[in-house]
2 protein chains.
Amino acid sequence: MKPENRKQEIINAAAVLFKEKGYSAVTMRDLASAMGIKAASLYNHIQSKQEILSNIIISLAEEFSTGINSINNSETNAIQKLEKIIELHIDVTLRNADGLASLNNDWMHLEENNLLYYEKMRREYEDIFRAIVKKGIRAGDIKTYDVEIIVFSTLSTLRTLYLWYPKQKKINPELLKHDMISVLLKGLV
Amino acid sequence: MKPENRKQEIINAAAVLFKEKGYSAVTMRDLASAMGIKAASLYNHIQSKQEILSNIIISLAEEFSTGINSINNSETNAIQKLEKIIELHIDVTLRNADGLASLNNDWMHLEENNLLYYEKMRREYEDIFRAIVKKGIRAGDIKTYDVEIIVFSTLSTLRTLYLWYPKQKKINPELLKHDMISVLLKGLV
DNA sequence: TTTTAAAACTAACAAATGTTAGTTTTGTTT
DNA sequence: AAACAAAACTAACATTTGTTAGTTTTAAAA
């Protein structure tokens with residue numbers, strides 16, 4: 001587990017830099033400098049720059065995948081599921097806001113296999129989200145707005161939390177969950 | 001979207017590429033290839049890669065600046081102003097969705113002067129937005145949710161329109177405006 | 001036809017990039 | 001103290017990068 005620790009340190013430092021400038025603009029020398037070592041030394045711990053990116057993105061995408069599947073399989077109505085999804089996004093954002101920047105902005109720089117895997121997970125995530133909203137509308141729990149508009153407006157806010165929440169000092173997680181549920185859902189019911 | 005002069009064609013092509021891969025990952029050879037010419041030929045029309053980026057971003061930021069100032073100076077209540085802001089974002093998105101990708105994701109690659117200018121405009125934009133929401137709450141037109149959460153959730157959706165709307169076929173601008181106003185504002189009143 | 005300006009080209013540059021190879025330092029275990 | 005593995009180092013590499021210089025092509029005006 002020793003090399004794994006150092007490796008994770010590198011990945012965390014990379015996530016911070018990727019958030020600031022994006023994957024392509026961050027050089028291995030930038031990353032090494034942030035770690036206080038030389039670029040070549042990074043390769044004692046990681047195989048490539050690409051490995052760092054895929055490590056950041058795939059693990060987060062899998063968190064969302066398992067999260068939404070678990071929520072979707074629960075015996076609750078659409079509104080309760082949407083509330084759980086909001087909490088899921090807030091929890092992941094609290095745990096790894098830096099990495100979410102790469103997930104949102106640098107997924108297209110994944111190489112072929114991981115790119116396909118990521119795109120599959122995102123597609124399935126959105127399909128589940130869409131299905132929940134549709135069921136909610138059919139059950140009369142959600143107003144009959146255009147489904148795509150509901151999915152987009154909700155998801156766009158949740159996906160952008162990573163940019164905004166770390167800068168907020170006076171909003172604690174529980175207050176955020178409560179208010180976000182109000183703001184995003186009260187208009188839909 | 002008539003091809004004005006050659007420079008504007010290059011900027012438009014660049015905006016498309018920047019949207020796909022981000023500013024840093026697009027090379028001048030990529031751009032030239034998309035234009036069907038050699039990289040060196042680009043420099044008959046533009047001064048630098050940086051000039052292309054600043055041209056895209058600054059013109060859009062100025063559109064939003066003048067737009068929100070004009071809205072804010074009108075004699076209407078907070079809700080009507082927010083409706084106008086939603087329409088502003090939809091109009092700009094329809095006119096230049098590609099450029100908005102750079103505005104959102106590549107502003108940090110602007111060089112010093114333009115970076116400061118952009119950041120000033122964005123700060124002022126958000127300040128006006130925030131002031132409108134605060135007035136609306138004080139006037140009793142908007143529920144007493146946390147101001148920052150309202151500003152963030154609304155703005156995050158509007159700023160992400162460029163990613164989503166070009167892919168929608170069956171939603172025309174007027175329907176979009178109507179539904180977006182409903183989804184974003186009905187929960188707030 | 002000649003002239004001219006715009007816009008393309010070829011060739012090259014210095015700097016920056018991700019990465020490899022081989023070596024030395026560091027710190028722990030025997 | 002000796003041995004060993006982890007993790008740092010120096011030095012270099014082949015490409016790729018944005019950009020410049022100088023030249024040729026294109027097409028319209030004279």
Side-chain angles (χ1 to χ4, degrees), chain A residues 1-58 102 105-115, chain B residues 2-58 101-102 105-115:
Chain A
M1 271 294 183
K2 240 182 221 171
E4 288 302 314
N5 282 342
R6 196 69 172 137
K7 181 173 181 176
Q8 197 57 48
E9 280 184 63
I10 291 172
I11 291 171
N12 292 342
V16 172
L17 297 182
F18 292 170
K19 178 177 182 179
E20 285 169 9
K21 306 167 60 181
Y23 174 75
S24 302
V26 175
T27 71
M28 295 304 276
R29 284 162 183 83
D30 291 337
L31 176 54
S33 169
M35 296 287 299
I37 60 178
K38 300 286 173 167
S41 305
L42 294 170
Y43 289 83
N44 285 315
H45 308 281
I46 52 104
Q47 287 189 358
S48 64
K49 188 185 181 188
Q50 173 69 210
E51 191 206 359
I52 298 174
L53 183 69
S54 61
N55 207 303
I56 292 171
I57 293 180
I58 298 298
S102 299
N105 301 318
D106 285 319
W107 58 267
M108 73 287 285
H109 298 118
L110 289 172
E111 61 194 8
E112 191 66 7
N113 274 348
N114 280 324
L115 178 60
Chain B
K2 55 205 158 182
E4 301 174 1
N5 52 17
R6 199 69 173 136
K7 180 173 181 176
Q8 196 57 49
E9 281 185 61
I10 291 173
I11 291 170
N12 292 343
V16 172
L17 297 182
F18 292 169
K19 178 177 181 178
E20 286 168 8
K21 306 167 60 182
Y23 174 74
S24 301
V26 174
T27 71
M28 296 304 275
R29 285 164 182 83
D30 290 337
L31 177 54
S33 169
M35 296 287 298
I37 62 178
K38 300 285 174 171
S41 305
L42 294 169
Y43 290 83
N44 286 315
H45 309 282
I46 52 105
Q47 287 187 0
S48 64
K49 189 186 180 188
Q50 173 69 210
E51 190 205 0
I52 298 175
L53 184 69
S54 61
N55 206 303
I56 292 170
I57 293 180
I58 298 298
S102 299
N105 300 319
D106 284 319
W107 57 266
M108 73 286 284
H109 298 119
L110 289 172
E111 60 194 7
E112 191 66 7
N113 274 347
N114 279 325
L115 178 59

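Below, chains carry the letters A, B, ... as their sequence lines are ordered, and counting in each starts from 1.
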Enquirer: Distance criterion of 3.5 Å, no angle test: do you see the side chain of A/Asn44 paired donor-to-acceptor with the base of D/dA8?
Expert: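 Yes, the side chain and the base share a sub-3.5 Å donor-acceptor pair.
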Enquirer: Distance-only, no hydrogens or angles: does the A/Asn114 side chain make a donor-acceptor pair with backbone N or O of A/Ser54 under 3.5 Å?
Expert: no
Enquirer: Using only side-chain N and O atoms of B/Arg29, determine if any of them is under 4.0 Å from OP1 or OP2 of D/dT19.
Expert: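 Negative; the distance criterion is not met.
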Enquirer: For the pair made of CE in B/Met35 and P in C/dA8, what is the distance, rounded to whole Å?
Expert: 7 Å
Enquirer: Within this structure, what is the OG-CD1 distance for the pair B/Ser102 and B/Ile58, rounded to the nearest 0.5 Å?
Expert: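 So the gap between those two atoms works out to 11.5 Å.
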Enquirer: Output the rounded distance in Å from CD (A/Glu51) to P (C/dT20).
Expert: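 So the two atoms are 12 Å apart, to the nearest Å.
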Enquirer: Distance check needed: D/dT16 P versus A/Lys49 NZ, whole Å only.
Expert: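 To the nearest whole Å, that distance equals 15 Å.
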Enquirer: With nearest nucleotide decided by heavy atoms, which residue, A/Ala25 or B/Ile10, maps closer to the 5′ end of DNA chain C?
Expert: B/Ile10
Enquirer: May I have the distance from B/Arg6 (atom CZ) to D/dA27 (atom C1'), rounded to whole angstrom?
Expert: 14 Å
Enquirer: Send over the distance from A/Met28 CE to D/dA8 P, rounded to a whole Å.
Expert: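 In whole Å, D/dA8 P lies 13 Å from A/Met28 CE.
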Enquirer: Please give, in whole Å, the distance from C/dT17 P to A/Leu17 CG?
Expert: 13 Å
Enquirer: State the OG-CG distance between A/Ser48 and A/Leu53, to the nearest 0.5 angstrom.
Expert: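 One finds 9.5 Å between OG of A/Ser48 and CG of A/Leu53.
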Enquirer: Measure from CD1 on B/Ile46 to P on C/dA6 and round the result to the nearest Å.
Expert: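 Distance, rounded to whole Å: 17 Å.
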Enquirer: Roughly how many Å is it from CG in B/Asn5 to C1' in C/dA7, rounded to a whole number?
Expert: 13 Å
Enquirer: Where the side chain of A/Ala40 is defined as all heavy atoms beyond and including C-beta, which of D/dT17, C/dA8, D/dT10 is the nearest nucleotide?
Expert: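 Nearest to the side chain of A/Ala40 among the choices is D/dT10.
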Enquirer: Distance from B/Ile37 atom CD1 to B/Ser33 atom OG, nearest 0.5 Å?
Expert: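 So the CD1 of B/Ile37 and the OG of B/Ser33 are separated by 10.0 Å.
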Enquirer: Does A/Arg6 reach the side chain of A/Asn44, with side-chain heavy atoms less than 4.5 Å apart?
Expert: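 No, side chains not in contact.
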Enquirer: For D/dA8, take OP1 and OP2 only and decide whether either is under 4.0 Å from a side-chain N or O of A/His45.
Expert: yes
Enquirer: Report yes if a side-chain nitrogen or oxygen of B/Lys38 is closer than 4.0 Å to either non-bridging phosphate oxygen (OP1 or OP2) of C/dC9; otherwise report no.
Expert: no
Enquirer: At under 4.0 Å between heavy atoms, what does A/Ser41 touch on the DNA or RNA strands: base, sugar-phosphate, or nothing?
Expert: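 The answer is base, as A/Ser41 lies within the cut-off (heavy atoms under 4.0 Å) of a base atom.
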